[in-house]
Amino acid sequence: MKYALIKTFGVTALAAAVAACGGDSSSGSDSTASTGSMSVGLTDAPVDGVSEVNIVVTGLVLQPDDGERVTFTLEEPANLNLLDLQGGAVEALVTSEDVPAGDYSWMRLQLGEQSEFSVLTDEGGMENLRVPSGDQRGLQTSGFVVPAGGEVSFTIDFDVRKSLVYPPGQDQYLLKPVLRLVDNSEVGTLVGEVDYATLNQDETLGCNYEGAAYVYTGTVTEENLTDLNVTLTGDEAETQPLVVVPINQDAADSLYSYTAAFLPAGEYTVSYSCQIDDNEASDDLTFVGTQQVTIEAGETTTATTIPSE
């Protein structure tokens with residue numbers, strides 16, 4: 001969907017950007033330029049257990065390291081079901097817009113003031129969704145760079161699986177946003193298949209459901225793989241899953257498949273578990289099919305089918 005935009009930014013931001021310089025871009029750059037072209041899309045890491053997670057986005061705010069904020073306001077609020085944005089699907093929010101070049105501290109999704117956020121469960125029940133301070137603060141990402149005279153395209157990966165919780169004693173879902181900001185020129189896609197019918201016959205696994213693929217940054221040994229809820233710091237934080245994507249049955253095939261999109265180029269460990277992983281509690285999961293994969297920018301990498309023959 002294409003949204004009409006109203007863009008505002010201060011004179012101070014433009015003046016500061018005249019001397020700013022950006023990084024390399026595939027289209028080349030002009031170090032004398034004061035602006036760069038930017039596009040931003042929104043995607044969602046897959047989740048299971050619910051069929052809709054509905055939010056209202058009204059705009060996008062950019063905060064330069066040195067200068068006034070740049071605001072893009074949608075003429076009409078975007079009513080989005082985040083679960084429509086899975087498996088690499090993207091909702092374009094800003095397309096080829098000129099902004100001051102240079103370093104930015106963050107970008108923020110503005111949410112509809114007093115909006116009715118909601119969750120539709122797989123059982124068909126509609127539940128309220130509370131976003132603490134969401135209508136005042138919005139949903140904020142990390143920093144980024146807009147190259148002077150060049151073009152850059154970003155995707156905000158909204159990890160709903162990690163973000164959606166139902167706290168004990170509460171009567172509604174709570175959204176604690178976990179967002180990754182990625183440069184589209186630096187990411188690739190991981191796909192794979194799981195023979196769930198075979199694995200489900202292995203009583204030692206104790207499968208609770210079809211399961212999910214866990215993707216970790218770098219090389220992680222199977223005994224160090226962790227669930228969603230674990231809290232680690234420093235070098236140990238690398239053993240936390242970057243993304244967890246459910247496997248889905250293909251009607252034309254007995255195998256189940258998964259897709260993990262927008263992974264920065266590099267080395268990863270992928271494994272599979274079929275135990276329920278509650279992101280509000282620590283779970284002792286059994287992993288199988290652990291393997292290392294290499295993601296290249298702009299390419300799709302296929303993992304070895306689990307279990308391997």
Is it the case that more than 12 heavy atoms not belonging to E223 sit under 6.0 Å from its CD atom? yes
Does a side chain donor of either T269 or Q292 reach within less than 3.5 Å of an acceptor in the other side chain? yes
side-chain contact (heavy atoms from CB on, under 4.5 Å) partner of S271, chosen from V215, T290, T286: T290
What residues form a ring-ring contact (aromatic ring centres under 6.0 Å, His included) with Y272, not counting sequence neighbours? none
Using the six-membered ring wherever Trp is involved, compare the ring planes of F144 and F154 and label them parallel, tilted or perpendicular (cut-offs 30° and 60°). perpendicular
Reported OG-to-OH distance for the pair S273 and Y209, which is rounded to 0.5 angstrom: 6.5 Å
Suppose we screen for side chain to side chain donor-acceptor pair (under 3.5 Å). Which residues come up paired with T302, at least two apart in sequence or across chains? none
Quick one: do V99 and W106 end up in the same hydrophobic cluster if we chain Ile, Leu, Val, Met, Phe, Trp and Tyr together by side-chain heavy atoms under 4.5 Å apart? no
Polar side chain donor-acceptor pair, S153 to S39, under 3.5 angstrom: no
Taking a hydrophobic cluster as the set of Ile, Leu, Val, Met, Phe, Trp and Tyr residues connected by side-chain heavy atoms closer than 4.5 Å, whether directly or through intermediates, do V187 and I295 fall within one such cluster? no
Test of understanding: clusters of I, L, V, M, F, W, Y form through side-chain heavy atoms closer than 4.5 Å, transitively. Do V245 and V182 belong to the same one? no
Could you please spell out the steps behind the side-chain contact (heavy atoms from CB on, under 4.5 Å) verdict for R69 and R108? CA-CA 11 Å; R69 293 176 182 174; R108 180 184 294 165; 4.2 Å; yes
With sequence neighbours left out, write down each residue that passes ring-ring contact (aromatic ring centres under 6.0 Å, His included) with Y258, or none if nothing qualifies. none
Side chains of Y214 and D277: donor-acceptor distance under 3.5 Å anywhere? yes
Transitively linked via ILVMFWY side-chain contacts under 4.5 Å: M107 with L179? yes
Which atom of S96 lies closest to which atom of S37, heavy atoms considered: CA-OG, 3.4 Å
What closest approach, in Å, do L181 and G143 show between heavy atoms, and which atom pair accounts for it? CD2-O, 4.2 Å
side-chain contact (heavy atoms from CB on, under 4.5 Å) partner of L129, the single match among V53, L120, N54: V53
So, T43 and D157: side-chain donor and acceptor under 3.5 Å apart, yes or no? no
Student check: side-chain heavy atoms of T305 and V194 closer than 4.5 Å: no
